[in-house]
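Structure first, then comments.
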Amino acid sequence: MSKFTRGLNAEQSRAVRTTKGPLLVLAGAGTGKTRVITHRIAHMLSRGVAPRSVLAMTFTNKAAGEMKDRIRQLVSKRGVSDLTVGTFHSFCMRSLRQYGDRVGIRKAFGICDADDQLVAMKRALRELQIPETTLAPRACLGQVSLLKNRMMAPDALASSGDDRDIDIAQAYRRYDAGLRASGVLDFDDLLLYMVKLLDDKRTLSQFRKRFQYLLVDEYQDTNGPQYEIVKRIGGEHRNVCVVGDDDQSIYGWRGADVSKILNFEDDFPKAVVVRLETNYRSTPEIIDGANAVIRNNTSRHEKALRAACASGESIQVNSLPDEEAEAQYVVEDVLARVRDRLVPPGDVAILFRTAIQPRLFELRLREQNIPYVLVGGMSFFDRKEIKDILSYLKLVANPEDELSLLRVINTPPRGIGLTSVETMLAVAAQRSISVAEVIRQGDSVPGLRAATVESARRFLSTIDGLRELQDGPNLVDLVKRLIREVRYDRELERAYADPTARAKRWEAVKEVVNMAEMHARRRRGANLGTFLDDVALSASDEEEGDEPSDDKLTLMTLHSAKGLEFGEVYLVGVEEGLLPHLRSIQDGAVEEERRLAYVGITRAKRRLTITYAKSRGRFGQRVTPLPSRFLYELHGKQAPTALLERSQAEAVGGSSPTTSPTPAKKGPTSRRSKKKAVKRPSAAKQPARKRG
DNA sequence: CTGTCCTATCTTTTT
DNA sequence: GATAGGACAG
């Protein structure tokens, strides 16, 4: 018995001790998953496994950081630093930086974010002369991403014969070509090219030899390429441990594939399967509810949570007349309990399905002076000024990055307007050269004024000048000089008349400098490239606000709640059409919604309150939703067929505006237009200000 | 290039 | 009903 199995239950201990061969750990919510993972690695190291032969992959930076921290608490520092613990994406990025040339990409590739992707897709559609009204860039991007996540080539769609699919397939190819020309990869590409890299025999055997022990966290969220990576590297030695919970797979819409965890034993025959079913988080009442709901899913590993905690309150379910009353009820309940010192605000969460729901809750919370954080929303990196500066930096690092170039070429305004840019793009396409090259050839380009060309050249030479500093030791200096030399202050002056707003933006700009400073301090050998990598792959973890803090109530979506726990939880808006969401009902994806509900329920340690509204404004109309089918299930019943049918009918009816044979009876205000809205009381009178 | 009007859209968003 | 993005005019 090793010291790392002490204090663990039988199943946990078995998982920790199984260090060789394939291992599937089905870890229900609150069953000590992280503990098992970290103890298992510590145990392996104590048994002589070389730290550098261990590869542990997670989905978030946060999870990776936590894993490292907790292993560090268990073993000596030396061992930990040689472990490879990181997100799939960062692992792939590092590997491609090292061996990218083996799959035909430059090692100095850039990484493009969601914004860049959208720009690239718009450009692709324009070049293909597919109007955005026919195919929305966002939707198209989503489809392409899904294809990539399923490792499907564009041809797979093109052959379907459907017009839209053909367009998407074309857009896919064009979009990819655009990214390649700009020397950038999107997030999905990082994984795809890694798979490709592992197609190379030499590389594959190198990786197999190096990484003798694999561990994958949240395996239920694995998508196609991630699965291939695991299978390839681990396929020979088969020391593959995957940990996850099929009941918490909630990212199917992003290409995550539950079947991977369901079929693990087929992929890795004779796998040891350990089920962690003892829940140390919640009261039996809460666990009963969770079990009762999730039991209704058909495709899952059979299991049920057992509560280890003492009995507590039963789950409360409350219906309220409308969403206003719902918010009011919840906030008043919180207020009373906080006042009576039954719970600190920091131990309370309000969970909801969609991003618009928190509004009313925010309003009320502010009214009552209850401090709160809204998790999610706009990240620091989504702010325009931050993106601008980062685009400049990306352009410095990668002269071919046209996405970035186009973003900042006239920011601040340099007299290079839309028309000029369009001319440049057209000429670039026509002569098959880059936009930068067009600018260099500017004199021979019809339609470009001399002043424009001159200004564009000055812009390029500023960037070129900065480029000479990029490998230099002083990253911070580079960033500062860039901000000065491109005259970003002018941009702020132009865009923000209000001095306070301007000052605030300037603060954000300076924050980039701070980030660079931090990066330079933390990492040896830091340069522009390492900085940009860091920023690209660590989207939102920095910064205030986001982190659930000790003294603030948390407002967040069910998706962001996964992996967290709170003393008291309010699960709100539990109605047909919201949870399960309308779209999921349409798409026949109710099981994933049920998992979402399950995730929500299992976040609560001691007290769970579920609410739903009998009337709710949706898309400007007032609807009278039915209580969610999950509420029936919660009490061990089946939702009435009539409810399911009506729900289905509404989902289908609501989706296609062409066919509206007015489903069941709705409220009296059902399909009235604009004017009627005036009579609505106070709904959104007070415009929600910035969150506190 | 900026300001305005208009209209399409309205889940979730680890990287 | 709100919002964001595009089209169009000035």
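Sequence lines set the chain letters: A, B, ... in the order given, protein chains first and strands last, and positions in each chain run from 1. Computation of the quantities below employed the complete heavy-atom set of this structure, encompassing side-chain atoms and omitting hydrogens, waters and symmetry-equivalent molecules.
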Tell me whether [X] and [N] count as stacked here, given that the ring centres must be under 5.5 Å apart and the planes must differ by less than 30 degrees.
| X | N | answer |
| --- | --- | --- |
| A:W253 | B:dT12 | yes |
| A:Y251 | B:dT13 | no |
| A:H581 | B:dT11 | yes |

(Q) For B:dT11, does the base pair up with any side-chain atom of A:R583 as donor and acceptor (N or O, under 3.5 Å, distance only)? (A) no
Q. When only distance counts, do a donor and an acceptor, one from the side chain of A:R138 and one from the base of B:dT9, lie under 3.5 Å apart?
A. no
Gap between atoms [atom1] and [atom2], on [X] and [N] respectively (whole Å):
| X | N | atom1 | atom2 | answer |
| --- | --- | --- | --- | --- |
| A:M121 | C:dG5 | CE | P | 17 Å |
| A:K62 | B:dT13 | NZ | P | 14 Å |
| A:Q621 | B:dC10 | CD | C1' | 13 Å |
| A:H559 | B:dT14 | NE2 | C1' | 11 Å |
| A:R595 | B:dT12 | CZ | C1' | 13 Å |
| A:I250 | B:dT12 | CD1 | P | 13 Å |
| A:R353 | B:dT11 | CZ | P | 9 Å |
| A:E422 | B:dC1 | CD | P | 12 Å |

Please pick, from [options], the nucleotide with the shortest atom-to-atom distance to any side-chain atom of [X].
| X | options | result |
| --- | --- | --- |
| A:T87 | B:dC1, B:dT15, C:dG6 | B:dT15 |
| A:R254 | B:dT14, B:dC10, C:dG6 | B:dT14 |
| A:N410 | B:dC1, B:dT12, B:dT14 | B:dC1 |
| A:T354 | B:dT11, C:dA2, B:dT15 | B:dT11 |
| A:D221 | B:dT15, B:dT14, C:dG6 | B:dT14 |
| A:H89 | B:dT13, B:dT15, C:dA2 | B:dT15 |
| A:E132 | C:dG6, C:dA2, B:dC10 | C:dG6 |
| A:T557 | B:dT11, B:dT13, B:dT14 | B:dT13 |

Can a salt bridge be assigned to the pair [X] and [Y] using a cut-off of 4.0 Å between side-chain N and carboxylate O?
| X | Y | result |
| --- | --- | --- |
| A:E323 | A:R622 | yes |
| A:E218 | A:K33 | yes |
| A:R97 | A:D533 | yes |

Q) Just one of A:R594, A:R595, A:R300 clears the salt bridge (Lys or Arg N to Asp or Glu O under 4.0 Å) bar with A:D247, so which one? A) A:R300
Tell me whether the OP1 or OP2 atom of [N] has a side-chain N or O from [X] closer than 4.0 Å.
| X | N | value |
| --- | --- | --- |
| A:N61 | B:dT15 | yes |
| A:K122 | C:dG6 | yes |
| A:R618 | B:dT11 | no |
| A:N149 | B:dT15 | no |

Q.
Counting the atoms with a prime plus P, OP1 and OP2 as sugar-phosphate, which does A:E593 contact under 4.0 Å by heavy atoms, base, sugar-phosphate, or nothing?
A. base
Q: Would you indicate what A:A355 reaches in the nucleic acid, counting non-hydrogen atoms under 4.0 angstrom: base, sugar-phosphate, or nothing?
A: sugar-phosphate
Q. Rounded to the nearest 0.5 Å, how far does CG of A:D188 lie from CG of A:N149?
A. 4.5 Å
Q.
Is any side-chain heavy atom of A:L146 closer than 4.5 Å to one of A:W253?
A. no
(Q) Tell me if B:dT12 is syn or anti. Syn = glycosidic torsion within 90° of 0, anti otherwise. (A) anti
Q. Considering only the C1' atoms, how many Å lie between C:dT3 and B:dT14, rounded to the nearest integer?
A. 26 Å
(Q) On DNA chain B, does the nearest nucleotide to A:L596 precede the nearest nucleotide to A:S90 from the 5' side, or the other way round? Give the residue. (A) A:L596
Q: Among A:N398, A:D189, A:I111, find the one that has a side chain to side chain contact (heavy atoms under 4.5 Å, CB included) with A:V184.
A: A:N398
